[in-house]
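Counting starts at 1 for both ligands and their atoms, in listed order. What you see is a predicted model; the values in this text were computed from it and never measured. Hydrogens, waters and symmetry mates play no part in the numbers below; they use all other heavy atoms, side chains included.
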Amino acid sequence: MSTAIELRGLSKHFGEVRAVDGLDLEIADGEFFSMLGPSGSGKTTVLRLIAGFEQPTNGTITLGGEDVSGRPSFARDVNTVFQDYAIFPHMSVRQNVEYGLRVKRVPRAERRKRAEHALETVRLAGYDDRRPHQLSGGQRQRVALARALVNRPKVLLLDEPLGALDLQLRREMQIELKEIQRDVGITFVFVTHDQEEALTMSDRIAVFNNGRIEQLATPVQLYEHPASAFVAGFVGTSNLLQGEVAEQLVGAEGTFVIRPEKVTMTAPEAAPAAGDGTCVARGVVREVVYLGATTHSVVDLDAGVTLTVSHQNADKTIDAALERRDHPVALVWQRDNLVPLGGPRPGPVASPEEERA
Ligand code: ADP
Ligand code: MG
């Protein structure tokens, strides 16, 4: 597969702030690529550099094999969709979607045809004459998307485009966006601080921290084999076992992650014996959090660490879990499910970046 975007040694400094700090990255044609990270980690700056709204302090940007580093934004084959999707309130949906084509002096009939197709793609056929205030938040968001798609860019940059929507709508749009991306085959570079959003849609995810990539991997690799404590904590709930705690509970030196759903909780007397493949730890339930589909229990272990355990509320007898607060329990997990941090990682490596991370 050929490369849509290539960043080499890319940096952007604002005075003392290294917003982007020596980034090397390749994004493949047709990929749904996400940049995930906390606020201020440099995600938006990377998008603005790719789009040409900012000039890099150092490094190069290649789009479809051509170095565009010195080019202005209008001479780059990319479009951007922002969180505050900035559609024109006084224009109809059709006028909004046709706007970019009108600027480029595309003939009227062609404009109409392409706008209709773009509106079909985002499931808004027939909404041509509506005004933005007659649309829901999700529909307005899709108009913004159609307005970008109608230009048929090679690359679409999306900066937290679902951030203003409520949770349910956001989840629906995540699925739709993924389907639309598959339909049109355009490379999507999607910025978010929401780990669930990134896991739902992406082919690969780059986790950002302080202007650098902490890990670059598929959603499954990222969750099952986090490369660092930062990634383990940012993507999912991490339970870290390190130092003496690791030696006592795992019987090994190092730092290990055990995910909450891979731990089971039993009464102390019902716990199996710790053995080759099984780890057992005793403790007291400090807090029980009922979340509908799952229940989380926070357990203070005698070994001196706190672990979170989650379980599916598959049957109606969840009261038992809720009543365990302040009770002694045993936690049991399989050694295979421990992920060593900083050591060799199982599974194929996603790219050279991940090796260096
Ligand atoms: P993110 O999108 O991940 O939240 P940004 O790329 O917006 O992060 O910002 C990264 C860092 O760069 C932050 O510390 C931010 O304050 C700083 N920054 C971004 N844009 C500017 C600017 N125009 N001037 C000065 N500092 C900036
Ligand atoms: Mg941002």
Are Asp203 and Lys178 close enough, and set up right, to give a salt bridge (charged side-chain N to carboxylate O under 4.0 Å, His left out), and what steps lead you there? CA-CA 10 Å; Asp203 295 314; Lys178 178 71 201 166; 3.6 Å; yes
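- For atom 21 (C) of ligand 1, the nearest protein heavy atom lies under 4.0 Å away.
- Of the charged side-chain nitrogens involved, at least one lies within less than 4.0 Å of a carboxylate oxygen, so that Arg286 and Asp300 count as a salt-bridged pair.
- Arg76 places a side-chain N or O within 3.5 Å of a backbone atom of Val68 that can act as its donor or acceptor partner.
- At least one side-chain heavy atom of Pro153 sits under 4.5 Å from a side-chain heavy atom of Ile186.
- Contact annotation for Val17 and ligand 1: only side-chain heavy atoms (C-beta onward) come within less than 4.0 Å of the ligand.
- Residue Gly42 places a heavy atom less than 4.0 Å from ligand 1.
- Those atoms of ligand 1 that come under 4.0 Å of a heavy atom in Ser41, given as number and element, are 1 (P), 3 (O), 8 (O).
- Results of the salt bridge (charged side-chain N to carboxylate O under 4.0 Å, His left out) test with Glu176 over Arg171, Arg182, Arg142 single out Arg142 as the only residue that passes.
- In this structure, atom 16 (O) of ligand 1 has no protein heavy-atom contact shorter than 4.0 Å.
- From the protein, the heavy atom lying nearest to atom 24 (N) of ligand 1 is Phe14 CD2, 3.5 Å.
- Ranking the protein heavy atoms by distance from atom 12 (O) of ligand 1 puts Ala19 CB, 3.2 Å first.
- The distance from the Mg ion (ligand 2) to the nearest N/O/S atom of Thr45 is not under 2.8 Å.
- For ligand 1, the polar-atom distance check finds no N/O of Glu54 at less than 3.5 Å from any of the ligand's N/O atoms.
- Of the protein's non-hydrogen atoms, the one nearest atom 7 (O) of ligand 1 is Thr44 CB, 3.7 Å.
- For the pair Glu224 and Lys262, the salt-bridge criterion is met [side-chain N within less than 4.0 Å of a carboxylate O].
- For the pair Arg335 and Phe256, the cation-pi test (distance below 6.0 Å, angle within 45°) is failed.
- Comparing Thr45, Val46, Asn210, Asp159 against atom 9 (O) of ligand 1, the shortest heavy-atom distance belongs to Thr45.
- By the 3.5 Å distance cut-off applied to N or O atoms, Gly40 is counted among the residues near ligand 1.
- Under the 4.0 Å criterion applied to side-chain N and carboxylate O atoms, Arg123 and Asp183 are assigned as salt-bridge partners.
- Using a non-hydrogen distance threshold of 4.0 Å, Gly211 does not register as a contact of ligand 1.
- When hydrogens are left out, the protein atom nearest atom 3 (O) of ligand 1 is Lys43 NZ, 2.8 Å; that is the closest non-hydrogen contact.
- Within the listing of ligand 1, atoms 3 (O) sit less than 4.0 angstrom from a heavy atom of Pro38.
- Geometrically, Arg259 engages Tyr223 in a cation-pi contact, judged by NZ or CZ lying under 6.0 Å from the ring centre and within 45° of the ring axis.
- Applying the side chain to side chain donor-acceptor pair (under 3.5 Å) test between Glu98 and each of Arg112, Arg114, Arg147 identifies Arg112 as the sole match.
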